[in-house]
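Right, one structure below, let's go through it.
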2 protein chains.
Amino acid sequence: MSTPTLRDVAVAAGVHAATASRALNPATRGLVNTETARRVIRAAESLGYRPNPIARGLKTAKSGTIGVLIPDLTNPLFPPILRGIERTLEAAGYSALVVNTDNDQIREQGLVDSLLSRQVEGLIVATARIDHPLLVQLHQQGVVMVMVNRRPDGVDAPAVAPDDPAGVYLAVQHLTALGHRRIAHLGGPETTSTGVARARAFRAAIRDHGADEDPALTATCASWSEEAGADALRGLLDAGTDFTAIVAGNDLIALGCYDVFAERDIACPERMSVVGFNDMPFLDKLRPPLTTVGIPNQDIGAEAARMLLELLAQPHRPPLSVQFPLKLVVRGSTAPPPA
Amino acid sequence: MSTPTLRDVAVAAGVHAATASRALNPATRGLVNTETARRVIRAAESLGYRPNPIARGLKTAKSGTIGVLIPDLTNPLFPPILRGIERTLEAAGYSALVVNTDNDQIREQGLVDSLLSRQVEGLIVATARIDHPLLVQLHQQGVVMVMVNRRPDGVDAPAVAPDDPAGVYLAVQHLTALGHRRIAHLGGPETTSTGVARARAFRAAIRDHGADEDPALTATCASWSEEAGADALRGLLDAGTDFTAIVAGNDLIALGCYDVFAERDIACPERMSVVGFNDMPFLDKLRPPLTTVGIPNQDIGAEAARMLLELLAQPHRPPLSVQFPLKLVVRGSTAPPPA
DNA sequence: GTGAAAGCGCTAACAT
DNA sequence: ATGTTAGCGCTTTCAC
C-alpha cells in the first residue's frame, strides 16, 4: 500500500516497465505508440504514481539537485538571492540543497563533502573568500560551480555579482554633487574580494570626481558588521581626521556609524552624511533613513542558477561572468556638508 | 577515475562488498572481525571513499533528508528557525530540503509533491494556516511532520511554538505597569492561528490587569505586514477611538504604526507607546528603538528538528507539543502615557 | 566471520 | 514499437 512504483503502473497499463518509463518521460515519449503512451499516463495518474528521482538518479548519475553554499542565512543579503536561485531551479525541475557555512572553513569542508556525497550536480557558492583553497580544489576536480558576489583567486568559474565599482561610483557622485569634498571610506575586510573591489573603486571614484585623495580617509573594518564599522569610524574620528561624509562598505557598517553618531552626538545628516551598500530591509525605518546602494539580489540569484543550469547542459562553454547594474536609493542620511 | 565505490574499497581490502559494507557501518561493525574491519576502514580512507547516500537510500528507503516548508525566507523570522533546524539535522547526519511556498497553496502542493517524491523522511512545516487541507491530508497519509509556530485544526502533529499568550501577557503587563489603561491591539489575520491566539491572549491579559476592556480597541490586520498594520491603525484613529498604547501582532505591524505616527505627527513614545512581537533584527536601530517580545527562534527550530528525528526513530510516540518561553525586550517605544 | 545473491526503482543498451 | 536484460551503489537476507 506504499507509493506505487513504475512497475505497478506498467502492470496496470499492461506493458513492460521499460515501456512505461519511456511513455512517462517526455523526452522519450516519441519512441512509443501514442495510444500506449496515453494508456500508461492514464494508469500513472489513476494510481497516483510519482517517479522516484532517487532511483532515477542512481541510474542516470544525475540527482536533480544543486548545492548552495551560504555563509549565513541570517544576513538579509542572502534570502533574496536564495529566492532567486530556488525559483529558477524549481522551474527546471531541480531542487536546492542549502547549507550555512558560518564562514567556518572546517564546517564548510564537511558540508561540501556531504553535498557532494549527496550527488549534487553543481554548486552555487556565495561564500568566497579571496583565498579559498577548497574552491580551487573543487574546481580542479571538475565540480561545476558558479560564484555569487565574489570570485576567489585561482578559480576560473563564472561569477555573477553586483557591479560594485558602479555602485561606489554612484555613491561618491551623489556626495560630491551635494558638495562634499572630504569623504571617508569604511571598507570591508581586505580578505574579501568585495572589500578590496569596493575600496579600489572608491579611490577611483574620488579621483574622478575631484574630491580629496587623502589616504587617511580610508579605513578597513575587521568584518562586515556593525561593531567593526563602529570601531573603524571611532578610529578615524580619534585620529582627528576631518571629513563630512562616509561611504560605508555595506549597510551593517553604516549601522555601526549610527551607533557612533549616537555615542558622540554627531548629527546625521547635518554634520555627517553616510551612504550604505546593499539596501537591506527596513533601512527606511531608521532615523534618519539610510541612503544606500541597492542590489538586485533576487535577480542575481536567479542568474546564478540559470548559469549553472546552462553550464550543466553545456559543460564546455567558456565561463562568462556577469555584473548587475546597481541603483542609488537616496534617503535621509545624506545632505550637503555643514557650511 | 570517478569517485570510488564500495566495491573498490572491498577489492582494495581484499574482501567482499558486503563485508566492506558491514565494516564501514558502525551499527553492523560488530559482525565483522576487528582486524578485517580495520583493514577495510583503512582502504576506504586511502581511496577517499565516501558512501553514496542515494544508493543507500534506495535500498533502505531512507533518504536522510527532511523537507522544510517556509512561507517566505525573506521574513526575518525564518532564517534563525532554519538555522536551528539545520544545525540539529546536520548533527544527526540529515540534510534539509528547504522550500519557499510564498503562502501560495498551489505552489505549496507542487513543492510538497516534489519533496515527497524526493523521499524526504519527514516534514517541518512553518506555513500552517488554521484551515490547511493539504496538511490534514498529508497527516492522514502518515507523513511524519512537526509544525513550527502554528498548528492547523485537524492535524494531530506535534508543534513547537513560542508561548504567545505569555508573550502578550508580558507586553500588557509592561504597559499597565507604566500606567496605560486604554491599550489597543492590532492583531494579525484571523486566518492564522497565531493571529487568533494572540488576540485571545490580549483580551485575557487586559482583563487580568484591570485595563479597559473595550472591543473598539481591537483591530485585525489583513496581513502580517507594515501596510496592513498602518491601515489598521488608521482605521482605529479615524474612528476616534481613544488609547495611549498599542500591542502590535508582530514587529511588521508595529513598523506600520511608525509610518502612521510619522504621517500624523504622533510622538512615540510620548503620546503613544507601541510594543511589537518577534524581535526582528535591527529593531534597536529604529527611532525610537522598538520595545518588543523576543522569540528564541533558533531554539524553536532546533527543537522542531529534534522532535522530528525522535518521531522518526519512534513512530508511535504521542505527539507532544512544546511551547517556548518568551522575554520582553524593553526599548524606547514605550513610556508612561501622557498626563 | 564472511561470501553469494538478490533487489531497492529506474533507465539504457540491446534484441526483437 | 515494445520487451529483455543488466546494472547504477548499496544493504540485507541467507548460506557456508
Side-chain angles (χ1 to χ4, degrees), chain A residues 1-41 43-44 47-65 93 114 116-121, chain B residues 1-41 43-44 47-65 93 114 116-121:
Chain A
M1 134 85 268
S2 77
T3 156
T5 113
L6 180 60
R7 200 178 221 94
D8 298 330
V9 175
V11 170
V15 297
H16 187 93
T19 308
S21 170
R22 288 188 275 252
L24 259 14
N25 184 336
T28 50
R29 190 166 300 156
L31 303 177
V32 64
N33 185 307
T34 317
E35 176 47 37
T36 326
R38 201 195 322 275
R39 220 170 58 240
V40 171
I41 292 171
L47 288 178
Y49 169 75
R50 249 182 349 220
N52 179 338
I54 298 209
R56 187 210 309 269
L58 187 55
K59 181 68 186 176
T60 60
K62 296 203 175 311
S63 61
T65 273
S114 151
L116 256 24
S117 72
R118 283 185 195 282
Q119 315 295 119
V120 295
E121 294 178 39
Chain B
M1 139 81 271
S2 76
T3 157
T5 116
L6 181 61
R7 199 178 221 93
D8 298 331
V9 175
V11 169
V15 297
H16 188 93
T19 308
S21 170
R22 288 188 273 252
L24 259 13
N25 183 336
T28 50
R29 190 167 300 155
L31 304 176
V32 66
N33 185 308
T34 318
E35 177 47 37
T36 327
R38 200 194 324 276
R39 223 169 55 240
V40 171
I41 292 172
L47 288 179
Y49 169 73
R50 247 180 352 217
N52 179 337
I54 299 207
R56 186 209 308 266
L58 187 54
K59 182 67 185 176
T60 60
K62 296 203 177 309
S63 61
T65 274
S114 152
L116 255 25
S117 71
R118 282 184 194 283
Q119 314 296 119
V120 294
E121 294 179 41

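All chains are named by letter (A, B, ...) in the order of the sequence lines, taking the proteins before the strands, and each is independently numbered beginning at 1.
Sorted by first then second residue, the side chain to side chain donor-acceptor pair (under 3.5 Å) pairs that include residues 51-63 of chain A, not counting sequence neighbours, number zero. Residue pairs meeting the salt bridge (charged side-chain N to carboxylate O under 4.0 Å, His left out) criterion with at least one member in residues 14-35 of chain B, sequence neighbours excluded: E35(B)-R38(B).
Scanning both residues, P53(B) and P51(B), for their nearest heavy atoms gives CD-O, 3.2 Å. Nearest heavy atom pair, residue S114(B) against residue S117(B), reads O-OG, 3.0 Å. In plain terms, the two heavy atoms of T65(A) and R118(B) that are nearest each other are OG1-NH1, 3.6 Å.
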N/O to N/O distances under 3.5 Å, protein versus nucleotides 5-8 of chain C:
residue	atom	partner	partner atom	Å
dG7(C)	N2	K59(B)	NZ	3.4
dG7(C)	N3	K59(B)	NZ	3.3
dC8(C)	O2	K59(B)	N	3.3

Short heteroatom pairs, N/O only, protein and nucleotides 14-16 of chain C, under 3.5 Å:
none

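Rounded to whole Å, atom C1' of dT11(C) lies 16 Å from atom CD1 of I54(A). As rounded to whole Å, 9 Å separates atom P of dG9(D) from atom CG of D8(B). Taking atom CZ of residue R50(A) and atom P of nucleotide dC10(C), one finds them 12 Å apart after rounding to whole Å. L6(B) places its CG atom 10 Å from the P atom of dG9(D), with the value rounded to the nearest Å. Following rounding to the nearest Å, N52(A) (CG) and dG9(D) (P) show an atom-to-atom distance of 17 Å.
Residues satisfying the salt bridge (charged side-chain N to carboxylate O under 4.0 Å, His left out) test with R50(B), not counting sequence neighbours, are D113(A). Partners of E121(A) by side chain to side chain donor-acceptor pair (under 3.5 Å), not counting sequence neighbours, listed by chain and number: Y94(A). For R39(A), the side-chain contact (heavy atoms from CB on, under 4.5 Å) partners are V15(A), T36(A), not counting sequence neighbours. With sequence neighbours left out, the side-chain contact (heavy atoms from CB on, under 4.5 Å) criterion links A23(A) to V32(A), A37(A), V40(A). Applying the side-chain contact (heavy atoms from CB on, under 4.5 Å) test to A17(A) and every residue at least two apart in sequence or in another chain returns A10(A).
For residues 23-35 of chain A, proximity to DNA chain D is found at L31(A), V32(A), N33(A), defined as any non-hydrogen atom under 4.0 angstrom from a strand atom.
T36(B) has a side-chain polar atom (N or O) that falls below the 4.0 Å cut-off from OP1 or OP2 of dT2(C). Not one side-chain nitrogen or oxygen of T5(B) sits closer than 4.0 Å to the OP1 or OP2 atom of dG9(D). An OP1 or OP2 oxygen of dC10(D) is reached within less than 4.0 angstrom by no side-chain nitrogen or oxygen of S21(B).
Comparing the local axis fitted to the first five base pairs of the helix from dG1(C)-dC16(D) to dT16(C)-dA1(D) with the one fitted to its last five gives a bend of 40°, rounded to 10°.
The structure places OG1 of T19(A) at 10.5 Å from CG of L31(A), a figure rounded to the nearest 0.5 Å. With values rounded to the nearest 0.5 angstrom, Y49(B) atom OH is found 8.0 Å from T3(B) atom OG1.
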Run the side chain to side chain contact (heavy atoms under 4.5 Å, CB included) check on Q119(A) and L58(A) step by step: do they pass? CA-CA 9 Å; Q119(A) 315 295 119; L58(A) 187 55; over 6 Å; no

Could you go through the side chain to side chain contact (heavy atoms under 4.5 Å, CB included) check for S21(B) and T28(B) one step at a time? CA-CA 8 Å; S21(B) 170; T28(B) 50; 5.7 Å; no

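Across all strands, P51(A) comes closer than 4.0 Å only to sugar-phosphate atoms, never to a base (heavy-atom distances).
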